[in-house]
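Contents: one structure, followed by commentary.
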Amino acid sequence: MGAQPILYSFDDVDAVSKALRKYVIEAQNAAFQRHDRFQISVSGGSLPKTLAQGLLADSLGSGDKVDFSKWEIFFADERAVPLDHEDSNYKLLKEELLDKIPKELGTPTVHPINLRYLDDLQELADQYQAEILQSFAAKDSVKIPVFDLHLLGAGPDGHTCSLFPGHDLLRETNAWVGYEANSPKPPPRRITLTLPVLTHGLKLAYVTTGDGKGEILHKIFDTEEGKTLPCGLVNEGAGDRVAWFTDTKAVKGVQFPKKSSL
Ligand SMILES: O=C(O)[C@H](O)[C@@H](O)[C@H](O)[C@H](O)COP(=O)(O)O
């Protein structure tokens with residue numbers, strides 16, 4: 001058995017956002033030491049709100065500082081819609097976080113999808129891969145981009161990003177970015193980072209809160225079947241580089257050992 005993911009459980013969403021802030025800042029500071037920038041990917045769903053709550057909170061003093069000017073933000077998955085569309089993950093992140101960043105914290109570099117290719121999902125995915133390559137190319141010969149951090153969510157069926165249980169895309173081993181034309185969660189047309197890119201991340205954090213996550217978290221952490229779901233495969237592939245940030249409601253029925261502090 002490989003290294004296990006870390007399952008954190010906190011009293012409520014407020015406490016989750018505080019712990020997430022600490023974790024993200026530690027990942028940021030480690031990345032700055034390594035290459036003076038912080039290359040991350042961010043999913044949609046409920047994550048951007050909890051993330052923003054943590055990142056926009058008052059600083060607790062030296063060491064607890066977000067420097068967005070050296071952040072490079074990619075989308076772990078994105079819907080094939082215009083950037084001002086209700087379904088756009090870019091719009092979601094912009095409204096929850098980007099528009100609210102005070103000037104003194106700096107401005108991140110954000111990489112949205114290329115709208116010229118909205119009608120051609122293969123091209124949309126390929127172009128996004130090229131965008132990632134450009135940003136990572138200077139660093140290594142880039143067989144696969146190693147993100148400093150992936151910030152992810154888990155769906156009620158165990159999906160993560162736009163990687164859905166039983167879909168062929170889950171078995172992709174070459175492309176860094178794939179496309180999904182039939183997402184069971186609307187809207188149907190999306191692009192997503194692939195499993196190998198996720199599991200090569202230096203750190204991965206899941207944010208899953210609320211009663212609605214109870215059943216799926218039990219399945220992912222306590223059952224064999226859960227290991228075959230997209231979230232389970234990420235746990236398996238990335239081991240203790242994965243940290244789950246949950247509230248007590250979400251892990252009520254989970255037997256897997258939990259931690260309550262970072
Ligand atoms: O754009 C998307 O649809 C997401 O990236 C998706 O993978 C999300 O993270 C999960 O569905 C969890 O969403 P919730 O946190 O809202 O349950």
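One-based numbering along the sequence shown. One-based numbering, in listed order, for ligands and for the atoms of each.
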Next item on the list: Determine, for K219 against E225, whether the closest basic-nitrogen to carboxylate-oxygen distance falls under 4.0 angstrom.
Entry: yes
Note to self: Looking at E86 and K91, is any side-chain nitrogen of the basic one under 4.0 Å from a carboxylate oxygen of the acidic one?
What the structure shows: yes
For [X], the ligand 1 atoms whose distance to one of its heavy atoms is below 4.0 Å:
X	answer
R190	1 (O), 2 (C), 3 (O)
G44	1 (O), 4 (C), 5 (O), 9 (O)
K185	2 (C), 3 (O), 6 (C), 8 (C), 10 (C), 11 (O), 13 (O)
H159	6 (C), 7 (O), 10 (C), 11 (O)
S46	14 (P), 15 (O), 16 (O)

Item checked: Non-hydrogen atom of E78 closer than 4.0 Å to ligand 1 -> no
For [atom], what's the nearest protein heavy-atom neighbour? Residue, atom name and distance, please.
atom	result
atom 9 (O) of ligand 1	G153 CA, 3.5 Å
atom 17 (O) of ligand 1	K213 NZ, 2.4 Å
atom 5 (O) of ligand 1	D77 OD1, 2.6 Å
atom 3 (O) of ligand 1	R79 NH2, 2.8 Å
atom 12 (C) of ligand 1	A154 O, 3.5 Å

Next item on the list: Examine the proximity of ligand 1 to A76 and report which part, side chain or backbone, both or neither, has a heavy atom under 4.0 Å away.
Entry: neither
Checklist line | Which segment of T208 sits under 4.0 Å of ligand 1 when only heavy atoms are counted | finding: neither
Item checked: T160 side-chain N/O to G153 backbone N/O, donor-acceptor pair under 3.5 Å -> yes
Notebook entry, point to check: Just wondering, do N235 and K227 contact through their side chains at under 4.5 Å, heavy atoms?
Noted result: no
Next item on the list: Out of N89, D157, D87, V42, indicate the one that has the non-hydrogen atom closest to atom 1 (O) of ligand 1.
Entry: N89
Note to self: Quick check: C161 and ligand 1, any N/O pair under 3.5 Å apart?
What the structure shows: yes
How about [X] and [Y]: does a side-chain donor come under 3.5 Å of a side-chain acceptor?
X	Y	value
D77	T192	no
Q122	D126	yes
Q39	S135	yes
E123	Q127	yes
D148	H35	yes

Checklist line | Worked check of ring pair (Phe, Tyr, Trp, His ring centres under 6.0 Å) between F136 and F147 | finding: CA-CA 9 Å; F136 282 77; F147 280 80; 4.9 Å; yes
